[in-house]
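One structure is given here, and the rest of the page talks about it.
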Amino acid sequence: MSEAGARTSRRGTTPGQAVRVMRAGPAAVVDVVRALAGVPGARLADLFGAIEDGGLLLRIVYALDRDGEYVVVEWPLKGREYPPLSDIDPAAFVEECEIYEQFGVRPSGPRLLNRLVVPPHAAHDFPRLGTPPPREGREPHAPHYVSGEAFEFPFGPVRGVALESLYMGLVTSGEEVIDIFLLQWHKHRAIERRLQGLPLEKALFIVERAEGLSAVANAWAFCQAAETIAGTTVPEAAQAARAVALELERLYNHAAALAALCQATGLSVGQAQAEAALEQFLRLNLACFGHRYLFGVITLGGVSRGPDLQALLHLLPPAHDELHRVTAALWSTNSFMDRLEACGVLSLEQVERLALVGPVARASGRGSDTRTDHPYGPYGVIRAADVNVAVEERGDVLARMKVMAAEAEESRRLLMRLAEAGAGEAVTEVRGQAGAALGWCESPRGESLAWLSLDDAGRIERARLRPGSFRNWRAFDDAARSRNVFTDIPIIEASFWLTVAGFAR
C-alpha cells in the first residue's frame, strides 16, 4: 500500500492489538483510502470529524481484520468541500451525511445528502459538534413515483409499548415493499457533544446510556481507549470479569431478539416462553453484578465489582436450558420457519459494500468478530476465552436467528470456562492525560468503537462513539426491499436487533 505524503505512527494496548495512525495531506488521502479499501478483508469501520487546532480534522478508520490491525487516517480539511470518499467506498456515505450535518462541510459534487439526526424543525443554534451547514440535508429517501394502486404508508414514530421512536415510510401496493425510508432523529440526544469537557468518570455514566442494551460493550470500548492513553494495564482478573459481563449482555440480547421474532410472527406462546428465558437472564445479571442490565460494571481501569461466580454457576444452566428449549421448539414449528426463510435477504456483496458487522454480517458469510480478529482483554490471550465464531451463508432472517442461537451456545461455554478460570474485582488507577486512542469491543450487535481525545487536564476534547447499530441500520432498507411483503418488515427489524439510540446518539 502506497503511503506517499502520509506520516504513520503505531499505537496499541496489548500484543496483537495494533492501531496505526496515519496523517495524510489533501493530495495523498484519496490514494491512501483507495489502497486501504483494496486490502483483502479490509472494511471501513468509521469516519468522523473533530475540531482540532482551529480547523476540521477528519478521521477515517479502517479495520484490517486479517491483520488484526486498525488504521486511522487523519485528514486536515481546507475549505467547505472534500473529495467524496463514498465514490471509493460506498460504506462512507452515511458518515458523509453526518459530517455535513454536524460540521457543515460536504463531499464535492451534486450528490444529495440525507438528514440523519438533526430534526427538520431545528434552529440554527441546535447543538452540534461544529458549524451548521448552509442548508439542511433532505429527508433520507430517494425521490420515488407512486402510481396505480401503490401508496406510501406512514408508520411511527410512536409504534407501540417499549419500542423506540422510529418513523418508517413504506411504499407498498398492499403486499410487496417497493421502497422504505427511516426517520431516526426523534431519538437524538447530542451525546457526543455532551461529553466534551467532561472528566472521564462522569463521561462513562453517559457512555453507558448512549445505547442501554450495549452498556457493557460501549463502556469497555470507551475505557479501553482511556486506558491506552494512560498506559494502564488492566489486571487479568478484571479483564475476565469484563468478559463475563459482556457474554451475559450477549445472552440476554439474543434472548430478547428471539422474543421479538416470535412477536413479529404472531407466535404468542413462543414469545412468552422466550420472554421467560429473558427474565431468567436478567435475574442472573442481577445476581452476578447487581444490575439487571449490567450498568456500572465496567469502570476505568477494571470493574466496579467482580461477578458472583457461585450465582453464575448455579443460575446460568437453567436459564440457558430454557432458551435452548424454546429455540429447539421453534426449529420444528413450520409456520414460524416459513416466515423466516428467504425473508430480508442480504448478500455477502451487500454486507461487504456497506461494511456491516456482528450477527447481520456473519449471517451473510462474513465471519468478522473483534474478539478473534482484534483480540482484547482475555479474548485470544487466555485459553478459557478462545471464541468459536458462528457463520451462516444464506443472509436471511433464518440465518441471522441461527447465528444468534449459536452465539448463545458459545457464550454459555465461555462463561463456564471463565468461571472455572476465575474472575474478580480489580482496578488499576487511570490518570487522565493528554492523548488520543481507539477502543473497541464486540457488542451483541457487532463491533463497537470509541475514539477518545483528551486535553492536558484529562478532560474530553472529542469522544466519538460508534455502536454496532450505527453501521448496520444502513442495510435495513436493502433487506426490506429484497422481495418482501409489508408484514415482513417487523420480522426483519427483529432479526437485525438494532437500537435507534445507537444510531441517533
Side-chain angles (χ1 to χ4, degrees), residues 13-17 214-221 223-224 227 233-255 277 280-299 301-324 358 369-390 404-428 439-444 447-448:
T13 49
T14 64
Q17 296 177 320
S214 292
V216 173
N218 294 333
W220 194 342
C223 287
Q224 185 189 121
E227 289 151 7
T233 299
V234 177
E236 186 173 302
Q239 295 279 27
R242 286 179 171 184
V244 169
L246 182 66
E247 297 307 324
L248 288 175
E249 183 170 79
R250 198 177 322 279
L251 274 171
Y252 91 72
N253 268 278
H254 288 351
Q280 290 191 48
F281 283 122
L282 295 177
R283 293 182 182 185
L284 171 60
N285 294 345
L286 180 65
C288 280
F289 285 107
H291 197 287
R292 285 167 61 88
Y293 293 94
L294 303 169
F295 281 37
V297 175
I298 305 289
T299 190
V303 290
S304 60
R305 58 174 287 182
D308 186 328
L309 295 181
Q310 290 302 313
L312 179 65
L313 293 170
H314 177 67
L315 297 176
L316 176 60
H320 180 269
D321 289 347
E322 179 68 14
L323 179 64
H324 181 79
D369 187 316
T370 60
R371 294 174 296 174
T372 57
D373 299 333
H374 306 270
Y376 55 93
Y379 297 110
V381 178
I382 64 173
R383 190 170 182 82
D386 289 344
V387 180
N388 299 313
V389 179
M404 286 191 279
E407 289 187 355
E409 295 284 345
E410 180 66 4
S411 289
R412 178 190 185 277
R413 187 188 70 82
L414 290 171
L415 284 166
M416 299 302 287
R417 295 281 300 277
L418 287 166
E420 293 170 2
E425 179 181 350
V427 177
T428 299
W440 58 90
C441 187
E442 186 69 20
S443 80
E447 175 194 61
S448 174

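The two residues Gly377 and Trp220 come nearest to each other via the heavy atoms CA-CZ2, 3.9 Å. Listed here is the closest heavy atom pair of Gly302 and Ala238: CA-CB, 3.8 Å. Closest approach of Ala408 and Leu251 over heavy atoms only: O-CD2, 3.5 Å. Summarising the geometry of Cys441 relative to Ala217, their closest heavy-atom pair is CB-O, 3.4 Å, with the distance given to 0.1 Å. In this structure, Val234 and Gly301 approach most closely via the heavy-atom pair CG1-O, 3.6 Å. Leu284 approaches Ala311 most closely through the heavy-atom pair CD1-O, 3.9 Å.
For the atom pair CZ of Arg292 and CG of Leu286, the computed distance is 7.0 Å after rounding to the nearest 0.5 Å. We find the CH2-OG1 distance between Trp440 and Thr370 to be 9.0 Å, quoted to the nearest 0.5 Å. Put simply, CE on Met416 and CG on Leu312 are 7.0 Å apart, with the number rounded to the nearest 0.5 Å. For the atom pair CG (Asp369) and CD (Glu410), the distance works out to 9.5 Å, reported to the nearest 0.5 Å. For the atom pair CG of Asn253 and CE of Met404, the computed distance is 9.5 Å after rounding to the nearest 0.5 Å. Separating the CZ atom in Arg305 from the SG atom in Cys288 is a distance of 8.5 Å, to the nearest 0.5 Å.
Legend: salt bridge (charged side-chain N to carboxylate O under 4.0 Å, His left out) pairs involving residues 314-323, not counting sequence neighbours, sorted by first then second residue: Glu322-Arg325.
With respect to Arg412 and Glu409, no salt bridge is recorded, no charged nitrogen being found less than 4.0 Å from a carboxylate O.
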Trace of the side chain to side chain contact (heavy atoms under 4.5 Å, CB included) decision for Leu248 with Val216
CA-CA 9 Å; Leu248 288 175; Val216 173; over 6 Å; no
Would Val303 and Phe289 satisfy side chain to side chain contact (heavy atoms under 4.5 Å, CB included), going step by step from the backbone distance to the final call?
CA-CA 10 Å; Val303 290; Phe289 285 107; 5.7 Å; no
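Between Leu246 and Tyr379 the shortest side-chain heavy-atom distance falls below 4.5 Å. The shortest distance between side-chain heavy atoms of Asn388 and Arg413 falls below 4.5 Å.
Looking only at distances, a side-chain donor or acceptor of Arg242 sits under 3.5 Å from a matching main-chain atom of Thr299. Of the possible polar contacts, none joining the Gln239 side chain to the Pro378 backbone as a donor-acceptor pair under 3.5 Å is found. With hydrogens and angles ignored, the 3.5 Å screen pairs no side-chain donor or acceptor of Glu249 with any backbone N or O of Leu294.
Remark: the Glu442 side chain and the His374 side chain contain no N/O donor-acceptor pair separated by less than 3.5 Å.
A 6.0 Å sphere centred on NE2 of His291 holds more than 12 heavy atoms belonging to other residues, nucleotides or ligands.
For the salt bridge (Lys or Arg N to Asp or Glu O under 4.0 Å) test, residues two or more places apart in sequence or in another chain that qualify with Arg250 are Glu247.
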